[in-house]
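Whatever order the structure lists ligands and atoms in, that order sets their numbers, starting from 1. In this chain, residues are counted from 1 in sequence order.
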Amino acid sequence: MINKISETRSIFDNDFLQISDPQSLEELRIKYLGRKGIIQQLFDEFKEIPRDEKKVVGQALNELKNYIQSRYEELKAKFEEEKSKQELLFDVTLPGRVKTIGSKHLITQTLNEIKSIFKSLGFSVYEGPEIESDYNNFEALNFPADHPARDMQDTFFINENFLLRTHTSPVQIRLMKSMKPPIRAIMPGKVYRNEVISAKSYCLFHQVEGLYVDKDVTFAELKGTLVAFLKQFFGKDVKYRFRASFFPFTDPSAELDVWWQPKGKEGRWLEVLGCGMVDPNVFINVGIDPEEYVGYAFGMGIERTAMRKYGIDDIRILFDSDIRFLSQF
Ligand code: DAH
């Protein structure tokens with residue numbers, strides 16, 4: 001029996017080395033020290049041995065029991081200490097971290113609003129590429145190579161034939177080349193101009209182009225559509241005026257101004273869009289018969305429109321990604 005006791009001890013030592021968490025420690029306790037555990041079994045066997053062996057074996061057995069008990073207790077204490085240390089790492093009184101949820105940029109919100117107003121007026125939405133051919137951006141829109149109107153726009157050229165589009169009007173060309181009238185669409189997107197950056201102008205901004213081509217489109221319809229848009233976007237009392245203007249791709253042409261009255265400052269007219277009846281030369285360039293079809297077009301600057309609506313007086317703030325500004329909308 002003495003042998004069995006020392007064997008048990010080395011088996012226990014081996015088992016003990018495997019313990020790495022409180023749960024397996026508890027299993028070990030039950031295996032050795034439980035009511036039907038190994039130690040109890042040894043005590044049961046102990047009853048059967050001859051009297052003269054009892055003293056030595058009893059001593060050895062008690063030693064084994066105490067040994068197992070104290071190893072168990074040591075490790076249990078160690079686990080408990082670890083646990084409370086870990087708990088100290090969490091300060092349950094700290095306030096939680098609030099996740100900030102992003103919001104749509106003011107320009108995206110404005111674009112979405114403009115799109116939904118024009119959709120309700122029967123317009124579809126199309127987009128075109130920001131890298132455009134010189135032909136679509138100028139030539140097809142009736143700006144000949146040496147036309148002085150080309151100087152109106154300082155352009156980022158990529159090479160002789162390609163550029164960053166200076167307006168969304170080339171998307172009109174793409175649409176008219178690829179589909180048959182009637183066409184009633186708006187075309188939102190980014191445009192680029194090589195301008196000095198200031199409170200009023202930036203090298204990049206957004207426009208929404210509009211085009212309606214059919215057999216009997218009139219200037220009165222153009223005005224009616226734009227005024228309906230203005231009233232929905234700015235409110236019924238919006239103050240506006242149409243002013244005769246010039247664009248190579250429309251004839252007649254006009255600009256639409258909206259009255260801008262910043263709080264505490266002097267009010268003034270702010271130009272929000274250009275518009276007109278599609279020039280017959282443009283129709284010829286895209287293969288539409290100008291004897292059969294007429295159309296109107298318009299193009300508006302989104303930043304200006306948003307600035308007018310929300311009382312913003314510096315365009316640059318729209319490109320700053322400053323959350324203190326953006327989170328107000
Ligand atoms: N493309 C012009 C610009 O960027 C705006 C414009 C004017 C667009 C008249 C049009 C239009 O479609 O008919 O200044």
Discussion item. Within the 3.5 Å criterion, strictly below it, is a donor on Y192 or E130 matched to an acceptor on the partner's side chain?
Written reply: yes

Discussion item. Taking distance alone, with N or O pairs closer than 3.5 Å, would you say F249 contacts ligand 1?
Written reply: no

Worksheet item: Can you find a side-chain donor-acceptor pair between E303 and H206 that sits under 3.5 Å?
Response: yes

Practice prompt. Taking side chain to side chain contact (heavy atoms under 4.5 Å, CB included) as the test, write out the residues that go with S120, two or more places apart.
Written response: Q232

Worksheet item: Can you list the ligand 1 atoms lying under 4.0 Å from a non-hydrogen atom of S169?
Response: 1 (N), 8 (C)

Practice prompt. For ligand 1, indicate whether the residue Y296 contacts it via side chain, backbone, both or neither (heavy-atom separation under 4.0 Å).
Written response: neither

Item to complete: Apply the side-chain hydrogen bond (donor to acceptor under 3.5 Å, both in side chains) test between Y296 and each candidate in D214, T218, T225; give the one that qualifies.
Response: T225

Discussion item. For atom 4 (O) of ligand 1, which of the options E209, R193, M300 provides the nearest non-hydrogen atom?
Written reply: R193

Worksheet item: Under 6.0 Å between the ring centres of W269 and W259?
Response: yes

Worksheet item: Parallel, tilted or perpendicular: which fits the ring planes of F229 and F233, with parallel below 30° and perpendicular above 60°?
Response: parallel

Fill in: Close-contact set for ligand 1 against F247 heavy atoms, below 4.0 Å
7 (C), 9 (C)

Fill in: Location of contacts on C275 toward ligand 1, heavy atoms closer than 4.0 Å
backbone

Worksheet entry | Residue among N137, N194, T155 satisfying side-chain hydrogen bond (donor to acceptor under 3.5 Å, both in side chains) with T166 | N137

Practice prompt. May I ask you to list the atoms of ligand 1 that are less than 4.0 angstrom from any heavy atom of Q207?
Written response: 3 (C), 4 (O)

Item to complete: Evaluate side-chain contact (heavy atoms from CB on, under 4.5 Å) for F242 paired with C275, printing each intermediate quantity in order.
Response: CA-CA 10 Å; F242 283 89; C275 61; 4.3 Å; yes

Worksheet item: Quick one: which ligand 1 atoms are inside 4.0 Å of a heavy atom on G276?
Response: 13 (O)

Discussion item. Are any of the N/O atoms on G210, whether in the backbone or the side chain, positioned under 3.5 angstrom from an N/O atom of ligand 1?
Written reply: no

Practice prompt. State the atoms of ligand 1, each with its element, that fall below the 4.0 Å cut-off from a heavy-atom position in T250.
Written response: 13 (O)

Discussion item. Could you check whether any heavy atom of Q172 sits closer than 4.0 Å to an atom of ligand 1, since that is the contact criterion I want to use?
Written reply: yes

